[in-house]
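Worksheet: one structure, shown below.
In the text below, chain A, chain B and the rest are named by the order of the sequence lines, each starting its count at 1.
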2 protein chains.
Amino acid sequence: MTADTSTTASAPAPTAARGTDAAASPTPTGPIPVPADGSPRLDVEMVSEALLGSWADARRDARERAARPEMHRPMDASVAEHRERVFGQLRILAEEEVSLPMLPEHLGGPNDNGANVAAFEELVVADPSLQIKAGVQWGLFTSAIVQLGDEEQQKAWVPGAMSLETPGAFAMTEIGHGSDVQSLATTATFDPEGGEDGEWVINTPFRAAWKDFLGNAAIHARAATVFARLITNGVDHGVHCFYVPVRDAEGNLLPGVQSEDDGEKGGLNGIDNGRLAFDHVRVPRRNLLNRYGDVAADGTYSSPIDSPGRRFFTMIGTLVQGRVSLDGSAIRASQLALHIAITYATQRRQFTAADPTRETVLMDYQAHLHRLLPKLAATYAGAFAHEQLLHAFDDVFSGRGDTPEGREDLETLAATLKPTSTRLALDTIQECREACGGSGFMAENQLVGLHQDLDVYATFEGDNTILLQLVAKRLLSDYTSELKNVDRAGIGRFIAQRAEVLAKRHTPWARLGQSVSDRGNARRAFDSMRSAEFQEEMLADRARVKVEEVALALRSTARMSPADAAAEVNKHQVEMLDAARAHADLVRWRAFTAGIEAMEDEGTRAVLTDVRDLFGLTAINDDLAWFLLSGMISTQRGRQIEGDLRRLLWRLRPHVLDLVAAFDIRLGHVRAPIALGGEQERQDEAAAYFRAQRASQDAPVSEKALRDAEKRARRAQGKKGSSR
Amino acid sequence: MTADTSTTASAPAPTAARGTDAAASPTPTGPIPVPADGSPRLDVEMVSEALLGSWADARRDARERAARPEMHRPMDASVAEHRERVFGQLRILAEEEVSLPMLPEHLGGPNDNGANVAAFEELVVADPSLQIKAGVQWGLFTSAIVQLGDEEQQKAWVPGAMSLETPGAFAMTEIGHGSDVQSLATTATFDPEGGEDGEWVINTPFRAAWKDFLGNAAIHARAATVFARLITNGVDHGVHCFYVPVRDAEGNLLPGVQSEDDGEKGGLNGIDNGRLAFDHVRVPRRNLLNRYGDVAADGTYSSPIDSPGRRFFTMIGTLVQGRVSLDGSAIRASQLALHIAITYATQRRQFTAADPTRETVLMDYQAHLHRLLPKLAATYAGAFAHEQLLHAFDDVFSGRGDTPEGREDLETLAATLKPTSTRLALDTIQECREACGGSGFMAENQLVGLHQDLDVYATFEGDNTILLQLVAKRLLSDYTSELKNVDRAGIGRFIAQRAEVLAKRHTPWARLGQSVSDRGNARRAFDSMRSAEFQEEMLADRARVKVEEVALALRSTARMSPADAAAEVNKHQVEMLDAARAHADLVRWRAFTAGIEAMEDEGTRAVLTDVRDLFGLTAINDDLAWFLLSGMISTQRGRQIEGDLRRLLWRLRPHVLDLVAAFDIRLGHVRAPIALGGEQERQDEAAAYFRAQRASQDAPVSEKALRDAEKRARRAQGKKGSSR
């Protein structure tokens, strides 16, 4: 292992030791822009600290925990072995009271939700199965009791859930309904004659209503928080949550409860996902978690929230925590993948270019920079955005910012970021896997397992497509309420104005403005595209105009039949998703920019600004046709942007190891041999062998060299002959 | 299982039963364009036959074989179990003499290479591990002996290799050198004193020279075809191939041979990949496979090919077969994934739109069409392109077209298509996995396993990036030789001409031409963008101009030092890869178009032309900024293209089941319960339950319905009150 790798992969070390790699010395591909004395340099510890964020201590502890070998994902384990291992790890977490911070004061906790989620996110680098199984037990099952139960219910069931005495399943999704939770078919019918003061009869009416994909359901769960339609006095009050014991202390299913094993999955095989069904299972009246809806002993229903729709979404809204933590762990997984691939790329060499005895390091190939660095930039943007999300979450869950608007904003932000970061993680891990060639395919190098486990992050806790559609709807309704605040005459003026703005963009005049300001000077155009103002204007206007275009296209639906309106909305679904993604780019760009502004070191700001520019300009370039067609970017600038992006790649080349070092990926997190110096060691050994061979002078001569020498001799002979 | 699914998933059935699915009846999302009487309809059998191609019989047999349960990928098997299972399957293939067609006449075969590769490709739907392990044994190990050995060597070793009496490893790649085969470090030094008439001493000089990632190496291999530097009389003649026994009949490593197990991989765990090293292992002189280079007993080297470079590439060129078969199997894997996801999408329903009792089928969501149909179109294009590749391969390997140009064209075509189809397969499988939600993540539904196994197809048999770079270099050299055929004055004229063409495009005049021809008529513009002439012109010009731009940018390198030239080429690497991809789009588009022209049924041509247009316009749209900036597409057309693409999606909607039916994916190939009708069955059961409940009139009333009724009553009361 080289000194450099070991500092990268372990606890903070002197900054001076970082940021230089084998390739920073001149290489056969030509001069690499190494920062000269006094040129910008990243302060790795400062950036590291910024990325640790507000809950730095919780993250530090969690990183130490995640580095412990007993917490790690096993190699070549059977599904059964992996499940038992992870269940054992869960017991360690319970013993160490890792999730205590989530509890409110009256349950003996500090109500430090930000710290709790931050700590759980970090488990992803130990084993994503552990992160998700812990998430099921405490983030979902226990949290449902805390969030939806009253104090008596909390005191009855939370201690067992916290200590893992009662492993629990979170029984929401059914085979027939995943994304559409409102249509769940399991019923909970109140029987006032049952038990002491009435009982619930939990029932699965048909196969599609079986609960499915539930962590803990196949083996470990003793109880479940079951989402079912509350029916009393012949009225269906919609989906509510019930606490239902499912297995006895020996693990036998209780009467009326059925369970099936989901078996092998694409990843996360440390979790015993399974199905549950209920055949008229009876639980006491008090097993309805009653914060948002209750039934008296006589069967009378009551709720603090009048509207059934708003009541449902309030209950479901308590689940936002899962989305928040997936966002954070997806970013962390991207960091790990980039750490592995970039470390390897600065050591691995392949093909000689000019120097016949020294091959080119992968990181010096333009295509390699091009495939990895934009992902690195997006991962930075995502990390800063996640910190904002975690703050929004902590504000609401601490009660400090718990207003309907605060909750709504939190849900929109989570719905914006979770699809973005989980998509990024999958794309990044796959790119890293391929960038590491055959070695990337070996399980020991972690990338394939990471992809397998993270795959379903795009689906659970809110399918990515569904979440982005929620975001689009929110953006549309915000846009529409803006319009509503304008009087009728005003709307006409407003629309005319916007039409004028859009029309103007479509003329060459707007573009001419950019061309004039650039004045054929590539350097000036580069500088102006790198300005925060330019990028913000582009990204903000794009997000705004895309929403506006959909809103205008859908104005006619107000006068349509529901069927026609639905068909019309469906015709714009792809545009809606696109608008939501544009919004996500803007949110991340702004968070990244704010994060940089908070840095005190000028060199650090300079390097990170290049990274931010890479993120911003990549986002613009990926949608360049739209910018050109809308007239927001002139053809002159458009023609230049790819070249500018490549220039940024080379500017960032000397900083790549610093940039991944700031992720604070430690030994134990990274277990991939290719990122632990083995590659460098092998190359040094080979280089020493060839050096010794050359020195000993008994190296074989290559046939090609011989032939070239012969040719030269013949030519010399020929010349002599002709000169004679 | 519905009748419809069963016909889709089994042998050919009456065409009339196809192409209608639950969604073809009116749905809540509005009218779906169902083909009316007499409107175009796909003749499924005709298309199926066309996709079977020239080696239809071989494919049909192979499809039957791949449907047999004993050939299937196991569920939740350990690495060890999976390996043994696949080795057993290999024995079945050997007994059934499946690879006999590969042998030339003098070895008792029909020399039917096209049939041989076609049959092997089909194994991918049984288990990709089986396909690849068979590929190692016969496509690489046996093939190396056949292609590189003389008749005596073939007769000595081919029978054991064919019968699996000698399982073999193909020992080319080393830890230190994968893509750069020319730099392999294993040595084979001739010792004229050894053995009867001289011996080779095979040696691994350092750790980086260990052979790695070799199928069969960890356990099963008895022999290996080892690529090593041939050294005799102090001269290194470059990499040659040697037949080296590695284990005895009991499976013990022979003296001097070391082996390590690669262990668990991201997929293909049915193959025992491993490492091999040689510590001065001696084999007889005749164990050099001597077709392209031989050594006499006195150590004198001879070769029919003078240039060491050309000799090396000729030897390596015999390996093109692996790339050809990966291209075919990647397309087949995409077909399977699309079959599963599209079948499920026509049955699965989620969310009600207008009709409260009937949810919308997934396939009717615009976003769902948008994510799956372009992949379907690219899979069709890839299938037709593969058939051309297989012909080129068969021509060369049969000897009919075995010219240097024929070989070079074959290698370029394989290098063009293998990266394209393996990329497509990974993207398609992942999209299908996500489109199937949580069910897509269950191993039983095949998609996750398929992604895991196909992952490394992007890397082995030529890394995708390296292959695309080869293609770009070939395109550049073709371009340069074109220029070379022009005299000096001509070059000046030529460049001036091209510059004028390019400059003209950058002016608004060229675009104005398109605008005038469209005349503000969206329908006319749509028709003209759908014309084959327009698409071909766009795709061909793009491929040409992208090469041209790189060529012009690199002209100065001729006068540079090697180091500077290498640095300059590296600055254009991303553009080179981009040019190669543009070329791949053109090749596939042309193959698809030629395939359609050969169809005799008008309805079939009409539907497939829509699919082709979706492929062509998607390719153009994905690179739209480039087309706009180069002036090849007017802003008017540019603005319209997305809308046109969506129109195509809806036009194709009624044909999706026909289009996947033509893939002839059979029961046994598809084993995913979600594609075998289970979903439809569950929905029918649920629908029947709700129907019965409504009929019995004891269904609970929803709270919302009650409240709405109350509101209406109050309003009526209020009206009465006010009218009083």
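Residues A:G178 and B:Q350 approach most closely at N-OE1, 3.0 Å, considering heavy atoms. Considering all non-hydrogen atoms of both residues, B:E359 and A:D180 come closest at OE2-OD2, 4.0 Å.
The choice from B:P205, B:G638, B:A458 that makes the most heavy-atom pairs within less than 4.5 Å of chain A is B:P205. Per-residue heavy-atom pair counts under 4.5 Å with chain B were compared for A:L649, A:V456, A:T173, and the maximum is reached by A:V456. Considering only heavy-atom pairs separated by less than 4.5 Å from chain B, the leading option among A:R682, A:E264, A:Q366 is A:Q366. Heavy-atom pairs under 4.5 Å with chain B were tallied for A:K704, A:E434, A:Q182; the largest tally goes to A:E434. When each of B:Q573, B:H368, B:Q469 is checked for heavy-atom pairs under 4.5 Å with chain A, B:Q573 comes out on top. Ranked by heavy-atom pairs shorter than 4.5 Å toward chain A, the options B:T187, B:V235, B:D212, B:I231 are led by B:V235. Ranking B:Q452, B:H370, B:M75 against chain A, the residue ahead of the rest is B:Q452, based on heavy-atom pairs under 4.5 Å. Here A:A625 is the residue among A:A565, A:A688, A:A625, A:S307 with the most heavy-atom pairs under 4.5 Å with chain B. Contact count versus chain B (heavy atoms, under 4.5 Å) is highest, among A:A686, A:A705, A:G309, for A:A686. Between chain A and the options B:G438, B:S78, B:A209, heavy-atom pairs under 4.5 Å are most frequent for B:G438. Note on B:E444, B:H572, B:E642: by heavy-atom pairs under 4.5 Å with chain A, the leading option is B:H572. Of the residues considered (A:D236, A:T465, A:V448, A:L268), A:D236 shows the highest number of contacts with chain B, using heavy-atom pairs under 4.5 Å.
Looking at B:L369, neither its backbone nor its side chain comes within 4.5 Å of chain A, counting heavy atoms on both sides. Both the backbone and the side chain of A:F351 come within less than 4.5 Å of a heavy atom in chain B. Within the 4.5 angstrom heavy-atom criterion, atoms from both the backbone and the side chain of A:S439 approach chain B. When heavy atoms are compared at a cutoff of 4.5 Å, A:Y301 approaches chain B solely by way of its side chain, counted from C-beta outward. With a 4.5 angstrom heavy-atom cutoff, A:R348 touches chain B only via side-chain atoms. Neither the backbone nor the side chain of A:L447 comes within contact range of chain B, judged by heavy atoms closer than 4.5 Å. Contact annotation for B:L645: neither backbone nor side-chain heavy atoms come within less than 4.5 Å of a heavy atom of chain A. Of the two parts of A:H451, only the side chain, counted from C-beta on, holds a non-hydrogen atom closer than 4.5 Å to a non-hydrogen atom of chain B. Looking at A:F441, both its backbone and its side chain come within 4.5 Å of chain B, counting heavy atoms on both sides. For A:S179, the parts lying under 4.5 angstrom from a heavy atom of chain B are both the backbone and the side chain. In this structure, chain B has no heavy atom under 4.5 Å from any part of A:N273.
Using a 4.5 Å heavy-atom threshold, the side chains of A:M442 and B:F213 count as touching. The shortest side-chain heavy-atom distance between A:I674 and A:C436 falls under the 4.5 Å cut-off.
Geometrically, B:R207 engages B:W210 in a cation-pi contact, judged by NZ or CZ lying under 6.0 Å from the ring centre and within 45° of the ring axis.
For the pair B:R639 (side chain) and B:G643 (backbone), a donor-acceptor distance under 3.5 Å is absent. Judged by distance alone, with hydrogens and angles left aside, the side-chain atoms of B:E174 form a donor-acceptor pair with the main-chain N or O of B:A185 at under 3.5 Å.
Between the side chains of B:R311 and B:S303, at least one donor N or O sits under 3.5 Å from an acceptor N or O. A:Q430 and B:D455 are linked by a side-chain donor-acceptor pair at a separation below 3.5 angstrom, with hydrogens and angles left out of the test. If you check the side chains of B:T459 and A:R433, you find a donor sitting under 3.5 Å from an acceptor. A donor and an acceptor atom, one from each side chain of B:E679 and B:Q683, are located under 3.5 Å apart.
Under the side-chain contact (heavy atoms from CB on, under 4.5 Å) criterion, B:D698 pairs with B:Q693, B:S696, not counting sequence neighbours. Qualifying side-chain contact (heavy atoms from CB on, under 4.5 Å) partners for B:I641, counting only residues two or more places apart in sequence or in other chains: B:M529, B:L617, B:I620, B:N621, B:L624.
Salt bridge annotation for B:R707-A:D306: present, with a cationic side-chain nitrogen under 4.0 angstrom from a carboxylate oxygen.
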